[in-house]
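Numbers restart at 1 for each chain; the letters A, B, ... are given by sequence-line order, proteins then strands.
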Amino acid sequence: MLDWLKNINKEHPEFWKNYLTKFDSKPNRFVVLSTETSGLNPDKDVILSVGAFAIVEDAIIIKDSFESVLLQYQFLQDHQLSNDFIIDSKMKKLTEPEAIESLIDFIGNAVLVGHHINFNIEMLNEALERLDCGRLRNEALDVDMMYRKHKDITDKEFTLDDLCEIYKIPKSDRPSTSENAYRIALLFLKLKSRLGIK
Amino acid sequence: MNTIAEHIADFLKEYPPFDNLTFQELSEIASNIHVLNLEKNAILFQINDVLHDSFYVVASGTINLSTIADAEETILNKCHEGDVFGLRPFFAKNNYMMTAKAREESIIYAIPIAVFRPFVANNSNVLNFLLESFAVNSRHTKDTVSGSKQISDTGFYVDQQTEMQYIQSLSYNNSPLTADQNSIVKDVAQLMTNAMVDNVVVTEKKHPIGIVTEADLSSKIATGRYPITETIDKIMSSPVVTVIENVSLAEAQLLMLKHNVSHLCVTKDGTSKSVVKGIISEHDLIVAQASNPGVLIKEIKRAQLAKDLKQIRDRLSDLIQNSIQKNVPLSHITNIAGEINLAIIRRAVELSILDLGSPPARFAWLSTGSQGRKEQLLLTDQDSILIFEDVAPEKYRDVKDYFLRLAKRTSSILEKVGYSYCPNGHMGSNMLWCKSLTDWTKQYNSWMNTPGENSNDLSSIFFDYEIVFGEPKIEEALENVIFKNATNNTLFFDFLGNDALRKNSPLSFFKKLILEEEGPHKGKFDIKTRALMPLIDSARLLILSSNIKGIKNTYLRFKQLAITDSKNAEIYLSCAEAFLTLSKFRTIEGLKNDDSGEYVNIKEFSKIDREKLKNALQPMKDLEELIKSKFQLTQFS
């Protein structure tokens, strides 16, 4: 509860200060975010990989993207998990602090979009805390929520695969965090035009 | 380089022009792509929009490219997965000349021109593909009717075809060779040789006073009547026939015939007292005619591969679409389309025979169903039967085996052309429908004398047939069997009558259209089974019972019935008209969606069209009553 007191005298890292200044202006882009985590508990689990795309003016900008595998050797060792996937992956490999720093730079003040985005944000916040940073300040949109709002459904949650099925977005034969982010991005574009979000 | 860019590069490399690039290059392009999602009917760009800084590739869905002329939307092309469009920014600076609209929800890759341009410059294959795709067809740029420039913009856009010659304008040489009247023949001849043309316009102050063609050179110079040092005005043909710009094909043809000349000179105001604008030669006329039905049929006869036939069939679709837009009477269009379809099927049989060697017995390949009635405008399924003459029992197996193989081959060629296999297997390649004449006679006897007993097999489509290939006598024999059996065969007519009336009625009690209530076509009107089939079935029934031979077409059947059964003429005539109207709706819908047009989307209809459709359904009630009273349908009902 007194967390904020603990932090009050701590100097935030440079990239975080930079991040905060970006909120002086209004966001002009969306960032679709997808993470792979070791589990569902924000306190104990860690992010294993991140994929993100920017959407500007209703277009997914392929170049404006971020993807990385996080080198969580410590965590994997503690839990006696295999780290083969890190070796297999062709994505860029960064340590957690590096990855979080570049991700924060990448996100900027954009509106975050994701599937069950709040969990993603929670995971990021935990990682940020480890780096002596504050919490994310971005606005966030959830495609599942958007869909339920569009169809007026309140009693049911939809997985990403469900939604992709509904909107006929093909499944990839090479699933990855980036791939998920891309599918969420397509979903978001479709829902956005249906809901008339500007 | 991210994962998704890699996926996109994988997708692109399947399609031209990207297949000419290395994966490395594609990855670079892919990482610069913007991905767009277009909702159904969303417009990506429209006529007169400022050029975008990207061109587009369809990732999924369909984009229609269209122009609007005289408040009418003309679809130039449909772009499917992998097609490239919106190439205008590569080649031109002025605004878009067409509208790109999503026919269904689509995902589009936008490739920035700036990124792609270096690859175009370095790779001639890519450049050629883009140029071809963009190719401006000069004929259409002078299309007087549409008034606007139409520019084909994508790869698979075949020439806009039309057999309506009077609206077809010509492309001609608009920078003709001219020579002063005092030029020397030898110099002029050299000029013509250099420019590789067969004529030169002789001018005085830029006004045409005569023309010199190769014919003049051969008749006046080569014969030695004039020396080659003579001035050109001595040997020119004068006066020259002049026309205004934008002359139509038909007009040009008439003028050439009337004046017995091979060249027309185009001038600014159409008289010989104005500036020369161009020269129309006979060759230009031939080129302009290359897309008429006669030429298509000739091309079919020369086609060697299913692929060639497919391309011709595609052009037929364009022809049909254009004719409908130009309001050519549908009966006329069906005739032409029927002939072309016939030629395609005939060629398919021929090609199969070329492959398999000559047949061991005489045979007839009959088209049944819609092609048998010559009403096939859209690519529907193929229905056919094969009849071969009776052979000695010991040879029967081999002969049947040959014809089955022949039919299989033909069906598969036709399938490649775009006619899907008949879902009920009503094809000559089916064991059941490839038989000797005796077997067929038995078959028809049993169908007609004991209908209902084996009704599973009996499909009314077997009573619409047309010979495509082979021995006409066999068709005659079959016809005789049918009409002999039909005489006074109340049971058979009962069966057909009930079959015709069993189809669901199109209008509800409250005179509302009955739409599909479920399934993938929910909310659409099943124009085929609810409206067209009852008319087709009734016409067939009535014509068989009236013992009228040789009339295969539903429209003509009703017309003929109006003559023979004059008491009910009014009903028949309104049915004939209704049939045309309904077919037209179906064809337009089918062309729009590239399918068989069975289900029409009423919601997209204008109010007038909806009324038209309803009115066309009115005569069916009368027809139903007529059939009920005529055949006293009891036995089966």
Interface moiety of Ala42(B) toward chain A, non-hydrogen atoms closer than 4.5 Å: neither
For chain A, which residues of residues 107-123 of chain B have heavy atoms nearer than 4.5 angstrom: Ile107(B), Tyr109(B)
Structural part of Ser178(A) lying under 4.5 Å from a heavy atom of chain B: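 Both the backbone and the side chain of Ser178(A) come within 4.5 Å of chain B.
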Residue part contacting chain B, namely of Phe66(A), when any heavy atom lies under 4.5 Å: neither
For Glu96(A), salt bridge (Lys or Arg N to Asp or Glu O under 4.0 Å) partners two or more places apart: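 With neighbours one apart ignored, the set is Arg130(A).
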Would you confirm whether [X], through its side chain, and [Y], through its main-chain N or O, come within 3.5 Å as a donor-acceptor pair?
X         : Y         : result
Arg610(B) : Phe605(B) : yes
Asn125(A) : Arg135(A) : no
His12(A)  : Asp132(A) : yes

Which residues share a side-chain contact (heavy atoms from CB on, under 4.5 Å) with Pro97(A), sequence neighbours left out: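 Scan of Pro97(A) (side-chain contact (heavy atoms from CB on, under 4.5 Å), adjacent residues dropped) gives Thr95(A), Leu131(A).
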Glu105(B) with Arg194(A): basic N within carboxylate O range, under 4.0 Å: yes
Tabulate below the donor-acceptor pairs under 3.5 Å that side-chain atoms of residues 519-526 of chain B make, not counting sequence neighbours, or state none.
unit_1    : atom_1 : unit_2    : atom_2 : d
Asp526(B) : OD1    : Lys528(B) : N      : 3.3
Asp526(B) : OD1    : Thr529(B) : N      : 3.2
Asp526(B) : OD1    : Thr529(B) : OG1    : 2.9
Asp526(B) : OD2    : Thr529(B) : OG1    : 2.2

